[in-house]
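Written below as structure tokens is the structure these notes are about.
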Number of protein chains: 2
Amino acid sequence: MDTTLRSDLAARGVAPECIETIDLVRDVLARVGDKWTVLVIAALASGPLRFTALHEQVAGISQRMLSQTLRLLTKDGLVTRTAYAEIPPRVEYTLTPLGRSLSNAVDGIVHWVQEHQAEVVQNRTKFEATHPRP
Amino acid sequence: MDTTLRSDLAARGVAPECIETIDLVRDVLARVGDKWTVLVIAALASGPLRFTALHEQVAGISQRMLSQTLRLLTKDGLVTRTAYAEIPPRVEYTLTPLGRSLSNAVDGIVHWVQEHQAEVVQNRTKFEATHPRP
DNA sequence: CTGAATCCCTGCCGATACTG
DNA sequence: CAGTATCGGCAGGGATTCAG
């Protein structure tokens with residue numbers, strides 16, 4: 001846990017419950033900002049999927065990362081894991097209502113990108129043109 | 001640039017312009033999900049600030065990271081950098097309209113956290129209780 | 001099929017020191 | 001004041017192997 005920021009904020013008299021919120025905001029942003037989480041959520045948005053299906057649907061993800069991502073999502077209550085006692089085993093992952101609501105919040109950023117994509121790309125190329133990196 | 005995902009998506013026939021958007025969505029999410037960007041944007045939301053003021057306002061950030069973060073934000077056109085030819089030098093950073101619009105989009109996630117904070121925390125503790133990690 | 005465990009490499013980021 | 005340069009730790013994540 002990032003103790004540094006917490007103590008820095010506390011040192012300047014920020015209210016504890018406010019620090020908690022700031023901490024969780026950063027935590028959630030880091031989570032949705034990681035390499036795979038949003039892709040997994042997006043894949044689950046259209047309905048429940050089992051492990052292998054997810055592995056196929058989310059392009060390029062490794063088993064390790066899929067497993068880890070799903071465990072974290074399950075832990076936060078964004079995804080439910082249902083294991084059926086069969087042979088071979090079958091496990092289904094489903095987006096919870098909480099997970100859907102987060103997905104909707106993330107959609108806000110997706111829409112922002114869709115609206116401002118051209119502008120950002122243009123800014124980048126213009127910046128590189130005026131700021132030569134030798 | 002994550003070539004892997006791009007080729008994986010291309011291999012299954014996803015439209016090129018759609019891949020570009022997906023790429024930029026991940027890029028923006030990774031940016032706002034990094035350790036400092038949102039804090040810097042939040043600090044600039046209330047008005048222009050110079051380098052040192054930002055360094056004091058954003059708790060715990062190093063000069064290196066502040067400088068780097070500001071350069072990336074400037075490159076994308078989210079922040080403008082204005083240097084005054086004085087001694088000692090003075091540089092002001094200001095959020096652009098584009099930066100403000102992104103800030104608003106991120107607010108959606110902040111609100112989500114504020115609404116569902118308790119639920120997430122509760123889910124986590126419950127998960128740890130039912131999933132003992134020796 | 002659904003993972004967990006291990007190895008290893010890369011890149012992020014903090015600390016420190018230096019410049020115009 | 002406003003940065004850049006350099007070094008080093010360490011955590012994210014990919015490939016592979018093992019297990020239930």
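Each chain gets a letter, A, B and so on, in the order the sequences are listed, and its residues count up from 1.
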Would you say [N] has OP1 or OP2 under 4.0 Å from some side-chain N or O of [X]?
X	N	value
R71(A)	dG3(C)	no
S62(B)	dC13(C)	no
Y93(B)	dC1(D)	no
R64(A)	dA5(C)	no
S67(A)	dA4(C)	yes

Open item on the list: Using 30° and 60° as the class boundaries, would you call the ring planes of W112(B) and H116(B) parallel, tilted or perpendicular?
Closed with: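 Rings of W112(B) and H116(B): tilted, 30 to 60°.
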Euclidean distance, atom [atom1] of residue [X] to atom [atom2] of [N] [Å, nearest integer]:
X	N	atom1	atom2	value
R31(A)	dG12(D)	CZ	P	10 Å
I87(A)	dC1(C)	CD1	P	14 Å
I61(B)	dT16(C)	CD1	P	17 Å
L66(B)	dA15(C)	CG	P	14 Å
M65(A)	dT2(C)	CE	P	18 Å
K35(A)	dG14(D)	NZ	C1'	8 Å
L49(B)	dG3(D)	CG	C1'	17 Å
Q63(A)	dG20(D)	CD	P	16 Å

Task: Under 3.5 Å side-chain donor-acceptor pair for S101(A) and N104(A) - done: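 N104(A) and S101(A) do not have a side-chain donor-acceptor pair below 3.5 Å.
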TODO: Examine the side chains of Q114(B) and T21(A) and answer whether a donor and an acceptor come within less than 3.5 Å of each other.
DONE: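 Judged by distance alone, the side chains do not pair up.
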Open item on the list: Salt bridge check, K75(B) against E128(A): does any charged N sit closer than 4.0 Å to a carboxylate O?
Closed with: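 K75(B) and E128(A): salt-bridged.
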Task: D34(A) or P89(A), whichever maps to the more 5' nucleotide of DNA chain D - done: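 Its nearest nucleotide being more 5', the pick is D34(A).
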- [ ] Could you say whether R81(B) or Q68(A) is positioned toward the 5' end of DNA chain D, judged by the nucleotide with the nearest heavy atom to each?
- [x]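 It is R81(B), whose closest nucleotide lies nearer the 5' terminus.
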Task: Closest nucleotide among dC1(D), dG13(D), dA2(D) to the P88(B) side chain - done: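 Looking only at side-chain atoms, P88(B) lies closest to dC1(D).
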Task: Min side-chain heavy-atom separation F51(B)-E56(B) under 4.5 Å - done: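 Result no, sub-4.5 Å side-chain heavy-atom pair not found.
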